[in-house]
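Structure, as structure tokens:
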There are 2 protein chains.
Amino acid sequence: MAEKKKRRRGAELETAILTAAWDQLQAKGYHDLTIEGVAAAAATTKTVLYRRWPDKARLVIAALSKFGEMPSYQGVDTGSLRGDLLNLFGQMAAVLAKLRTGTLRGILADRLDKLDLGQLMGKANTSHTVMELIQPMLDRAAARGEIASADQPDRVVTLPGVLLINEVIGQRQLTVAAQVAIVDEILLPVFQSVTAK
Amino acid sequence: MAEKKKRRRGAELETAILTAAWDQLQAKGYHDLTIEGVAAAAATTKTVLYRRWPDKARLVIAALSKFGEMPSYQGVDTGSLRGDLLNLFGQMAAVLAKLRTGTLRGILADRLDKLDLGQLMGKANTSHTVMELIQPMLDRAAARGEIASADQPDRVVTLPGVLLINEVIGQRQLTVAAQVAIVDEILLPVFQSVTAK
DNA sequence: TTAAATTAGATACGGCCGTATCTTATATTC
DNA sequence: GAATATAAGATACGGCCGTATCTAATTTAA
């Protein structure tokens, strides 16, 4: 009896590959995951993978997007800038907690050669940049009178993202205490220091 | 006539290798520099290189230390915290200006897998951490009464280094305008917000 | 001066990367 | 249903990594 040589295609094949990538990520971690290994685990070849994703980082990001159950950020009006920021960091911490240690570090390292910081998070460039998360908070805070102006310099608006990434780069855990420290010791003082134009 | 098979050793050999590494760095940039290429250019083999440096990043750092003419930071009391900080960033900018674009990015990326942020700059861990640069400034500023306390949280003392690295990671140039913005929009507000204990 | 210890140099290995080429199965179109 | 287009699968390549092993030159100790 001859073997059926059924060939997977399109979405079916892609799902199989991403499943394999996800498994490898869980089993071996980002560093030890290889394109060839994923291809083998998915019973295909790396040629097929390279047709879809340009490198390991993008492949893993795709797998994370599909199976990582990363909730997209829900902007909530908590009634204060401090609450908004803590809420944001809390959600980020929850996302990070789902990742194996070193995964994000590895992705960042791999992409550091090619991209600028604003795009380091993968889809961050297309959908919601850090700025787009922060700006509404600042708008509300200004409307409440908590800060003098919602029109803050770029470097200031990007600061939360920078601090988040910095926290990830260090081996730190982004505990609640760390979140509070970041918000109270750094972010609020900076935001509040801006004077109305 | 038989060739003299003179064998270089120790410091002589090491200098030859680092010279080759430096040349390659200038000629091809960090990304395209390879260990094997440096070995070949130095007329030796990579075995010899791996006996001295564990990876490309360390090799390049060694070459930079030897030939990069990176002036070590000179702490100067300019009379104000703002002046001190701008002076620091100015010196850092001068150092960065000597590096080919992408060199520092590459080094950071390569080491991101293995180290925490405080050690990313190579010898930064042994000699002068960022904290050790900043703390004297804060001490002086507190003595002058510019800030309420020199006893600032770790995350705050490390902030200048984080912002510097962030600036480098982006493709930005660390212009004077950027330095001023960092100091005035972020660092001074943060430092000044700390209340005496 | 001879023997012992170092260390440079040469070579080879397995692993993975990223690309190219070719075939063959499957889908699409006529 | 046959012709055509598309994409999977197989294989091979050159490049570099990092390690291991062996040799031979050179230094150091005796």
Side-chain angles (χ1 to χ4, degrees), chain A residues 1-21 24-25 27-63 102 106-107 109-115, chain B residues 2-21 23-25 27-63 102 106-107 109-115:
Chain A
M1 52 178 287
E3 296 292 332
K4 286 195 177 183
K5 344 179 183 174
K6 192 159 53 179
R7 236 176 225 193
R8 295 161 299 180
R9 284 204 156 207
E12 182 193 358
L13 178 58
E14 191 157 316
T15 298
I17 294 169
L18 290 179
T19 302
Q24 297 279 306
L25 190 63
K28 327 172 63 167
Y30 183 83
H31 183 77
D32 292 336
L33 175 148
T34 68
I35 303 263
E36 285 186 336
V38 171
T44 179
T45 56
K46 52 178 177 166
T47 316
V48 176
L49 301 215
Y50 279 111
R51 282 193 193 111
R52 291 178 160 75
W53 305 278
D55 52 40
K56 170 167 144 180
R58 310 285 194 97
L59 169 62
V60 169
I61 288 173
I107 294 176
D110 277 356
R111 304 205 68 190
L112 204 49
D113 273 333
K114 303 156 191 166
L115 297 168
Chain B
E3 295 292 331
K4 287 195 175 184
K5 341 179 184 175
K6 192 158 53 178
R7 237 176 224 193
R8 296 160 300 181
R9 286 204 155 205
E12 182 193 356
L13 178 57
E14 191 157 316
T15 298
I17 294 169
L18 290 179
T19 303
D23 291 345
Q24 297 279 305
L25 191 62
K28 325 172 63 166
Y30 183 85
H31 184 76
D32 292 336
L33 175 149
T34 68
I35 304 262
E36 284 185 338
V38 172
T44 180
T45 56
K46 54 179 176 168
T47 316
V48 176
L49 301 216
Y50 278 112
R51 282 192 193 112
R52 290 177 161 75
W53 305 278
D55 53 40
K56 170 167 144 179
R58 309 284 194 99
L59 169 62
V60 169
I61 287 172
I107 294 176
D110 277 356
R111 305 205 68 190
L112 203 49
D113 273 334
K114 305 156 190 166
L115 296 170

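Here is the naming used below: chain letters follow the sequence lines, and residue numbers restart at 1 for every chain.
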Review point. What pairs of residues pass the salt bridge (charged side-chain N to carboxylate O under 4.0 Å, His left out) test when at least one of them lies in residues 36-48 of chain B, not counting sequence neighbours?
Key: B/Glu36-B/Lys46
Practice item. Rounded off to whole Å, could you give me the CG-to-C1' distance for the B/Leu13 and D/dT26 pair? Key: 13 Å
Study note, to complete from the structure: Among the nucleotides D/dC17, D/dA8, C/dA8, whichever has the atom closest to the side chain of B/Arg7 is C/dA8
Review point. Between atom CD in B/Gln24 and atom C1' in D/dC16, what is the gap in whole Å?
Key: 14 Å
Exercise for review: May I ask you to say what A/Lys56 touches in the nucleic acid, namely base, sugar-phosphate or nothing, with a heavy-atom cut-off under 4.0 Å?
Suggested key: nothing
Review point. Quick one: B/His31 NE2 to D/dC16 P, roughly how many Å, whole number?
Key: 11 Å
**Study point:** Given A/Leu13, A/Ile17, A/Leu18, A/Thr19, the one that forms side-chain contact (heavy atoms from CB on, under 4.5 Å) with A/Thr15
**Key:** A/Thr19
Study note, to complete from the structure: Rounded to whole Å, the NZ-P distance (A/Lys6 to C/dA27) equals 10 Å
**Study point:** Separation of C/dG15 C1' from A/Lys28 NZ (nearest whole Å)
**Key:** 11 Å
Review point. Taking the side chain of A/Lys46 as heavy atoms from C-beta outward, which of C/dA8, D/dG18, D/dA12 is closest to it?
Key: D/dA12
Exercise for review: Answer yes or no: does a side-chain N or O of A/Thr44 lie under 4.0 Å from OP1 or OP2 of D/dA8?
Suggested key: no
Exercise for review: Begin with the C-alpha distance, continue with both residues' side-chain angles, and end with the deciding distance and a verdict on side-chain contact (heavy atoms from CB on, under 4.5 Å) for A/Lys56 and A/Ile35.
Suggested key: CA-CA 6 Å; A/Lys56 170 167 144 180; A/Ile35 303 263; 4.2 Å; yes
Practice item. Identify the heavy atoms of A/Ala20 and A/Val38 that sit nearest to each other, and give their distance. Key: CB-O, 3.8 Å
Review point. Just checking B/Gly10: base, sugar-phosphate only, or nothing, at a heavy-atom cut-off of under 4.0 Å?
Key: sugar-phosphate
Point to revise | Euclidean distance, atom CD of residue B/Glu36 to atom P of C/dC13 [Å, nearest integer] | key: 15 Å
Exercise for review: Send over the distance from B/Trp53 CH2 to D/dC17 P, rounded to a whole Å.
Suggested key: 14 Å
Check your understanding: Has the side chain of B/Arg9 got a donor or acceptor atom sitting under 3.5 Å from an opposite partner on the base of D/dT27?
Key -> no
Revision key, fill the gap. Ranking A/Leu33 and B/Ala43 by the position along DNA chain C of their nearest nucleotide, the one closer to 5' is B/Ala43
Check your understanding: To the nearest Å, how far apart are A/Leu49 CG and D/dT11 C1'?
Key -> 16 Å
Revision key, fill the gap. Judged by nearest nucleotide, the residue sitting upstream toward the 5' end of DNA chain D, B/Asp32 or A/Thr45, is A/Thr45
Point to revise | Side chain of B/Ile35 - closest among C/dG18, D/dT26, D/dC17 | key: D/dC17
Practice item. Looking at every strand, decide which applies to B/Arg51 at a 4.0 Å heavy-atom threshold: base, sugar-phosphate, or nothing. Key: base
Exercise for review: Using a 4.0 Å heavy-atom cut-off across all strands, classify A/Thr47 as base, sugar-phosphate, or nothing.
Suggested key: base
Check your understanding: Would one find a side-chain N or O of A/Arg52 under 4.0 angstrom from OP1 or OP2 of D/dA8?
Key -> yes
Practice item. Please report the C-alpha distance between A/Arg52 and A/Arg58 in whole Å, then the side-chain angles of each, then the deciding distance to 0.1 Å, and finally whether the side-chain contact (heavy atoms from CB on, under 4.5 Å) criterion is met. Key: CA-CA 9 Å; A/Arg52 291 178 160 75; A/Arg58 310 285 194 97; over 6 Å; no
